[in-house]
Structures are given as structure tokens and as C-alpha cells.
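Report on one structure; see the data block that follows.
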There are 2 protein chains.
Amino acid sequence: MEPNQHLHIHVEQDSGAHSHTSADALPWADAARETIRRAGHSKGAARDALIEIMSQRDCAMSVPDMEQALGERPVGRASVYRALELLHGLHLITRVDIGDGVARYERAQLDDDDHHHHMVCDRCGVLIAFDDPELEAAIHKLSDRLGFEATEHEVTLRGACPDCRN
Amino acid sequence: MEPNQHLHIHVEQDSGAHSHTSADALPWADAARETIRRAGHSKGAARDALIEIMSQRDCAMSVPDMEQALGERPVGRASVYRALELLHGLHLITRVDIGDGVARYERAQLDDDDHHHHMVCDRCGVLIAFDDPELEAAIHKLSDRLGFEATEHEVTLRGACPDCRN
DNA sequence: AACGAGAATGAGACTCAATCTCATTTGTGT
DNA sequence: ACACAAATGAGATTGAGTCTCATTCTCGTT
Ligand SMILES: [Zn+2]
Ligand SMILES: [Zn+2]
Ligand SMILES: [Zn+2]
Ligand SMILES: [Zn+2]
């Protein structure tokens, strides 16, 4: 039931869905460090290591995941959470909450290309990413109508994935 | 910063938003008990008390909230969580995750009239409910296209509410 | 290059939602 | 009333996330 597998599905405007992989990993790390510097922060080994780790994953990573990924390099819990708070405050990462009580984070996209949301399978726990221009349009229109200045939005679908349907 | 206030905003198809209150509280409690009975479960005082409590709230309630609302009637933690698991499994309640590490639940609507999603203000923590037919349409179309049988979906907007905008 | 104020870090204590265990109570059909 | 199964609850336990504070590191200044 652990959501440890990751597929990435891109939904075409009209037809079905197909896999894709984004590739702005390295630019993101640089942009993140630059934004942090410009925000007036000093360098820090822990935060830098975390940025390195996060730049290598396109989707939903929990803090336990990060601590494991850091492996050799010892980074204290507090530093991880502090770095995440900073990155999130600067909109460099997005928080993803799939409802298992564990917060996950993923790189925020530099150029809207990589913006996506998630489906979670109730049975096998697989986490599937998708993106849909129509959905985004509906959300933006809605946000305007509400007079709520939404800096972030999250959409999660829950149900049975194609594999578990049988 | 505690999300303890609740507004409920209904978004019209075209114009702005106005308050509304739903009123299928009592029918819901009856329907819930009936569904549980038909699913082959025995009666239980704890679960019954919880259904009573939940039938009186239209929106997002945390377990600590429930325990407080139960007040006099002593219901064990384990029973509360077990009841929630059962109710959720039978789609009688919906899980709402606003990202503060505390799961919330609310009655599932008998008749789609009360279906809604949430906005959370980053600053004051207020939780605002809204519903939007266009958004729902986009989600249903999307779900079909993905071949993902979504039994549940969650949309959360984060940002500054009208009051905090200033 | 040495200095010092302020920022970043990390070990570990702590909080608290959520889970697990198991003995006890309650519901239901006979 | 009886017996078996389901439901309940006290309490222990897990684990994510927070907090504190002493130490280390950055970086501008001398
Ligand atoms: Zn993702
Ligand atoms: Zn989106
Ligand atoms: Zn609600
Ligand atoms: Zn909806």
C-alpha cells in the first residue's frame, strides 16, 4: 500500500494520456539557489544538499524519502524542515498532500510546463501525475470569481487505477 | 492561525458568490445508519454518537473537534477512528486534507447539492467552502479521459482571503 | 588574514495525531 | 437465557513534525 512507485502521465487536450518526463532539474537547482541568495540568505550546506536531492525528483517526495536519499550526507531533521519552509515560502517547491498523513514536496515548475496534479490508487497506493489545461482554466476562472487570491492549488483524484481495476 | 472559523460560499455559474447553508443533516444520519446496517454491521453506541455529531456539521471536522463535540459522552479514540474508517469506506463521509497535518472529515452529500471544495487562507487560516459546476465538469471529463475510476476528488486553493488581502 | 555579528546547523527533547493490542462490553440470532 | 461475533475503550506505541539551544559556518569589515 506504500506509494513508492511513480508514473507520470501527461493528458492531451483531446485524446488519452501518455508518459512524459520533464527535464528542468538542473536549471531549477540553480534558480532556487539564486532566488534564496537574492532573498538575502547565507549559504548553507544542509539546504544545498536538500536542493540537490529535490532537483533530481520530478514528483512528490516525503521527508523520510529525502533523509534516505541524503544517505551519506548527514542532515539534521530540523534543517530539512527549515529548508522546506523557506523553499515553500519562496514558491520554489509545492506541497502535496495525498492524505496518508505524510507531507510531500516537489519542485515548482520554472515555466508552467511541468505543472501537474495527482491521482492516488486506493488499493495499490500508486501515485500517478497528470496535467490538464482545461482543469487549470476552470480553476483560474473560479479563483477570479471568488475574489480569493490563490497562490497555490491542489487537485487530488482518488480511486482505482487501471491496473487495479480488474 | 487555527482554522476554526467556517464560512460557506456558493459560487453561481456566472456571477459572484453568496452564503448558503445546506439542510440534509437529519436525512444523512438516517441514511448512514441504514447503509451501515445493510453492510452487515451491528449497532454500536460509539459509532452512533459519532454519526450524530457529524450530521450536525456541514464542513471539515477534525478528530479532536469530534472528541470535544462529544464532550459528555465518552467515546474512545480507537472507536472514533474505526467509525471514520467505516464511514469513509462506505462513502458516507469525505476526507478533507487542508495541509496542517490533521485529517478532517465531513458528511458526503446525499444528492450532490452540497458537494463542495475548500480554500484555506495562508495568513488567518480561515477555511472557506465553495462549489463550482464548471470545475466539477472539468474534473469528470478529465477522469474519463484518464481511464482512472475516481470515486473521490479533492480540490484545495491556498492564498489570501478577501479579509487578509489588505 | 584575523575578527565578529548574525545566519545556519544538528542533537535531542517534546508534541500530538493516528495506530495497535487486548481485555471487556454489547448486540444479535437461536 | 445462551453463545458467538462485533463493537468498544484504556493505554501503550509509532512516527511526523516542532522546538530549544549550544555549536558551526558565512560573509562583510578591518
Ligand atoms: Zn507530482
Ligand atoms: Zn493546477
Ligand atoms: Zn467542507
Ligand atoms: Zn468536486
Side-chain angles (χ1 to χ4, degrees), chain A residues 1-4 32-53 60-90 93 95-105 125, chain B residues 1-4 32-53 60-90 93 95-105 125:
Chain A
M1 207 327 256
E2 282 297 299
N4 39 17
R33 295 196 181 96
E34 177 62 14
T35 301
I36 287 169
R37 192 188 60 72
R38 258 183 281 166
H41 293 271
S42 305
K43 277 200 312 185
R47 190 197 294 148
D48 238 51
L50 189 74
I51 289 175
E52 198 57 37
I53 292 298
M61 196 174 197
S62 70
V63 169
D65 286 344
M66 296 171 202
E67 289 183 321
Q68 193 189 345
L70 285 165
E72 0 72 67
R73 259 184 294 193
V75 174
R77 274 176 228 77
S79 298
V80 172
Y81 283 104
R82 268 187 298 243
L84 290 174
E85 188 184 354
L86 178 63
L87 289 164
H88 189 246
L90 294 172
I93 56 175
R95 184 183 169 130
V96 178
D97 223 316
I98 65 173
D100 64 347
V102 185
R104 286 155 212 273
Y105 297 87
Chain B
M1 213 320 261
E2 282 296 298
N4 39 16
R33 295 196 181 94
E34 176 62 13
T35 302
I36 287 169
R37 193 188 60 73
R38 259 183 280 165
H41 294 271
S42 304
K43 277 198 312 185
R47 190 196 296 147
D48 237 51
L50 189 74
I51 290 175
E52 199 56 36
I53 291 298
M61 196 174 198
S62 71
V63 169
D65 286 344
M66 296 172 200
E67 290 183 321
Q68 194 189 345
L70 286 165
E72 358 74 68
R73 259 183 295 192
V75 174
R77 275 176 229 79
S79 298
V80 172
Y81 283 103
R82 268 188 297 243
L84 289 174
E85 187 184 354
L86 178 64
L87 288 164
H88 189 247
L90 293 171
I93 56 176
R95 184 182 169 132
V96 178
D97 224 314
I98 65 173
D100 64 348
V102 184
R104 285 155 213 272
Y105 297 87

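So you know, we letter chains A, B, ... as the sequences are listed, proteins then strands, and number each from 1.
Summarising the geometry, atom CE belonging to M66(A) is positioned 9.5 Å from atom CD1 belonging to I53(A); distances are rounded to the nearest 0.5 Å. Rounding to the nearest 0.5 Å gives a distance of 10.5 Å between NE2 of H41(A) and OG1 of T35(A). To the nearest 0.5 Å, atoms CE (M61(B)) and CD1 (I93(B)) are separated by 11.5 Å. One distance of note links CG of D65(A) with CD of E67(A); it measures 10.0 Å at 0.5 Å rounding.
Contacts of R82(B) with the nucleic acid, taken as non-hydrogen atoms under 4.0 Å apart, include base atoms.
In this structure, L50(B) and L87(B) approach most closely via the heavy-atom pair CD2-CD1, 4.3 Å. Contact between G99(B) and D97(A) at its shortest, heavy atoms only, is CA-OD2, 3.3 Å. Residues A103(B) and R95(B) share a closest heavy-atom pair of CB-NH2, 3.5 Å.
If you take CG of D97(B) and P of dA16(D), they are 16 Å apart, rounded to a whole angstrom. For the pair Y81(B) OH and dT14(D) P, the computed distance is 17 Å after rounding to whole Å. Following rounding to the nearest Å, L87(B) (CG) and dA7(D) (P) show an atom-to-atom distance of 12 Å. Note: CG (D48(B)) to C1' (dT8(D)) measures 13 Å, nearest angstrom.
Close approach of DNA chain C to chain A, defined as any atom under 4.0 Å from a non-hydrogen atom of the protein, starts and stops at dA7(C) to dG12(C).
Among residues at least two apart or in separate chains, there is no salt bridge (charged side-chain N to carboxylate O under 4.0 Å, His left out) pair with a member in residues 68-80 of chain B. Judged as a salt bridge (charged side-chain N to carboxylate O under 4.0 Å, His left out), the pairs with a partner in residues 39-51 of chain A (not counting sequence neighbours) are, in order, R33(A)-D48(A).
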What N/O pairs connect the protein and nucleotides 25-30 of chain D at under 3.5 Å? Give each pair on its own line.
none

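Rounded to 10 degrees, the angle separating the terminal axes of the helix from dA1(C)-dT30(D) to dT30(C)-dA1(D) is 20°, with each axis obtained from five end pairs.
Of the residues in residues 67-78 of chain B, A78(B) come within less than 4.0 Å of DNA chain C through at least one heavy atom, sorted by number.
Taking a 6.0 Å sphere around CD of Q68(B), one finds it holds 12 or fewer heavy atoms contributed by other residues, nucleotides or ligands.
Contact check for R37(B) versus E34(B): side-chain heavy atoms found under the 4.5 Å cut-off.
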